[in-house]
Amino acid sequence: MTTDSAAPEARPTLSVVVPTYREAANAPVLFERLQTALDGLPWEMIVVDDDSPDGTADVAYAIARRDSRLRCLRRVNRRGLAGAVIEGWLASSADLVAVIDGDLQHDERILPKMYAALAKGDVDLAIGARVQDAAAPEGFSPTRQKLSQLGAWFFRLLAGATISDPMSGFFMIRRQVVAGLAQRLSPDGFKILVDVVLSAAGRLKFVEIPYVFRPRQAGESKLSPLVGIDFLGLVAHHATGGLLPIRFVLFASIGAIGLLVHLAVLACLVEGFGQQDFAAGQVAATIVAMGSNFLLNNEITYRAYRYRGLGMAGGFLLFALLCSVGAIANIDIAAWLFRGRSVWWLAGLAGALVSVVWNYAASTTFVWRRRSAG
């Protein structure tokens with residue numbers, strides 16, 4: 001009697017999840033670097049690609065055909081770094097899972113230190129803490145550095161955690177922990193570590209391992225100066241016990257920015273052309289504010305379904321039409337409450353609340369409804 005003599009491959013004890021978008025040039029380089037850094041450890045690399053138009057998934061599949069340590073999940077019609085990381089984690093059966101960017105800015109050489117720290121059993125989470133090397137090219141842009149510092153300060157203030165770099169996108173954690181947190185984690189946003197720590201409510205023991213942040217080599221950055229709004233939305237979501245959806249917080253925050261834009265434009269027009277043109281100035285300021293709101297929501301709140309190219313014109317017209325309905329409802333409800341002898345500011349607040357809820361619901365349902373990313 002004969003049996004299959006082929007020995008099964010060792011089960012990976014570490015899955016390194018790499019969320020990608022337009023990282024075709026970087027994926028093979030990162031895989032080679034992981035081979036060197038993790039030599040002697042049972043590991044795998046899971047590429048989670050958001051249907052990159054540059055063929056990142058095809059590059060990953062080609063590597064996977066010759067080396068089983070690489071797997072690729074191609075996500076169609078959905079995007080977002082946090083969601084990609086969560087899907088990669090849940091596709092793993094390893095004891096430990098890590099996340100590292102595909103842009104080669106994170107130093108993969110500290111992964112063994114993270115692994116060793118978790119293997120001891122004293123901690124649940126090992127965080128790669130970014131530091132700057134004065135002798136090396138800067139990995140941070142000035143804007144990104146300031147945003148990171150401000151976000152870290154705000155996080156420590158609210159969460160009471162001593163993590164020096166909560167904005168880090170490079171860390172390792174026990175898969176059992178993230179499996180328990182998965183239903184509470186948001187697929188929206190960039191700051192998955194913040195979401196993990198806040199969702200765990202102080203139950204995680206952690207260690208930080210410093211590394212020098214490298215300059216980007218190729219691919220498309222997943223961050224922008226507007227990521228601070230995204231971060232605040234995540235924090236507000238947790239501060240309300242999950243009552244406020246992150247997307248609604250983002251939408252309302254952008255609405256507040258739109259109000260400032262409206263007032264600034266109106267002030268410029270009235271000062272420049274005089275009080276007699278107030279009505280025309282109000283109309284112009286409203287259009288500019290709507291345009292600001294549309295652009296910011298397109299890039300932040302609904303980035304997974306954002307409009308591109310000529311499609312943005314049609315999207316803006318639909319957005320403006322629906323927001324006009326919200327504005328009319330705002331005015332009518334506020335006036336009705338005020339006539340009922342309600343306090344003026346309470347009537348105004350109620351009208352504004354109805355307007356923002358309508359605009360959010362209409363935008364989610366009609367303007368940025370789920371559609372093909374193409």
Side-chain angles (χ1 to χ4, degrees), residues 19-23 49-56 75-84 143 147 186-190 219-233 245-266 268-269 280-330 355-374:
T20 60
Y21 186 71
R22 295 182 183 270
E23 306 282 8
D49 184 64
D50 285 355
D51 202 21
S52 298
D54 70 345
T56 301
R75 305 201 310 165
V76 179
N77 293 342
R78 61 192 191 279
R79 288 180 181 167
L81 186 145
T143 300
L147 279 173
S186 171
D188 299 316
F190 296 105
E220 180 175 298
S221 175
K222 303 169 186 64
L223 298 179
S224 77
L226 300 174
V227 75
I229 301 175
D230 184 278
F231 170 75
L232 291 176
I246 294 176
R247 190 170 285 170
F248 177 78
V249 175
L250 297 179
F251 190 90
S253 299
I254 289 170
I257 294 174
L259 176 60
L260 296 177
V261 170
H262 179 105
L263 294 176
V265 172
L266 182 60
C268 291
L269 293 176
Q282 178 77 341
V283 171
T286 299
I287 294 173
V288 172
M290 280 187 177
S292 170
N293 287 355
F294 174 78
L295 291 174
L296 290 177
N297 279 309
N298 195 53
E299 289 300 318
I300 299 176
T301 313
Y302 302 100
R303 60 181 161 265
Y305 319 114
R306 62 182 178 266
Y307 290 87
R308 299 175 186 272
L310 294 177
M312 293 184 68
F316 170 68
L317 290 176
L318 181 58
F319 176 76
L321 176 63
L322 293 172
C323 286
S324 297
V325 175
I328 294 172
N330 179 349
S355 177
V356 73
V357 171
W358 161 263
N359 290 343
Y360 170 71
S363 295
T364 301
T365 305
F366 299 107
V367 183
W368 285 281
R369 64 190 179 281
R370 282 188 177 272
R371 58 195 181 89
S372 171

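Heavy-atom basis, side chains included; hydrogens, waters and symmetry copies ignored.
- Of the possible donor and acceptor atoms, none in the side chain of Trp368 sits under 3.5 Å from a partner among the backbone N and O of Gly315.
- Under the side-chain contact (heavy atoms from CB on, under 4.5 Å) criterion, Ala289 pairs with His262, not counting sequence neighbours.
- Applying the side-chain hydrogen bond (donor to acceptor under 3.5 Å, both in side chains) test to Arg75 and every residue at least two apart in sequence or in another chain returns Asp50, Glu87.
- The side-chain heavy atoms of Tyr302 and Thr364, taken from C-beta on, include a pair separated by under 4.5 Å.
- Residues Ala82 and Ser186 approach most closely at CB-O, 3.5 Å, considering heavy atoms.
- Of the possible donor and acceptor atoms, one in the side chain of Tyr307 sits under 3.5 Å from a partner among the backbone N and O of Val367.
- Using a 4.5 Å heavy-atom threshold, the side chains of Leu81 and Tyr21 count as separate.
- Leu322 and Trp358 make their closest contact through O-NE1, 2.8 Å (heavy atoms, listed as atom of the first residue, atom of the second, distance).
- Applying side chain to side chain contact (heavy atoms under 4.5 Å, CB included) to Met290 and the options Ile287, Asn293, Thr286 leaves one that passes, Thr286.
- By the side-chain contact (heavy atoms from CB on, under 4.5 Å) test, Asp49 is found to be paired with Thr20, Val47, Ser52, Thr56, Ala57, residues two or more places apart in sequence or in another chain being considered.
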- Could you walk me through whether Leu295 and Phe316 pass side-chain contact (heavy atoms from CB on, under 4.5 Å), step by step? CA-CA 8 Å; Leu295 291 174; Phe316 170 68; over 6 Å; no
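- Applying the side-chain contact (heavy atoms from CB on, under 4.5 Å) rule to Asn359 yields the partners Phe251, Cys323, Ser355; only residues at least two apart in sequence or on another chain are considered.
- Evaluation of the side-chain hydrogen bond (donor to acceptor under 3.5 Å, both in side chains) rule for Tyr360 yields no partner, not counting sequence neighbours.
- Although no hydrogens or angles enter the test, the distance criterion places no donor-acceptor pair under 3.5 Å between the side chain of Ser292 and the main chain of Val288.
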- Which is it for Phe319 and Asn298 under the side-chain contact (heavy atoms from CB on, under 4.5 Å) test, yes or no, and what are the steps along the way? CA-CA 11 Å; Phe319 176 76; Asn298 195 53; over 6 Å; no
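- In this structure, Arg247 CZ and Ile300 CD1 are separated by 12.5 Å, a value rounded to the nearest 0.5 Å.
- Among residues two or more places apart in sequence or in another chain, the side-chain hydrogen bond (donor to acceptor under 3.5 Å, both in side chains) test is passed with Ser363 by none.
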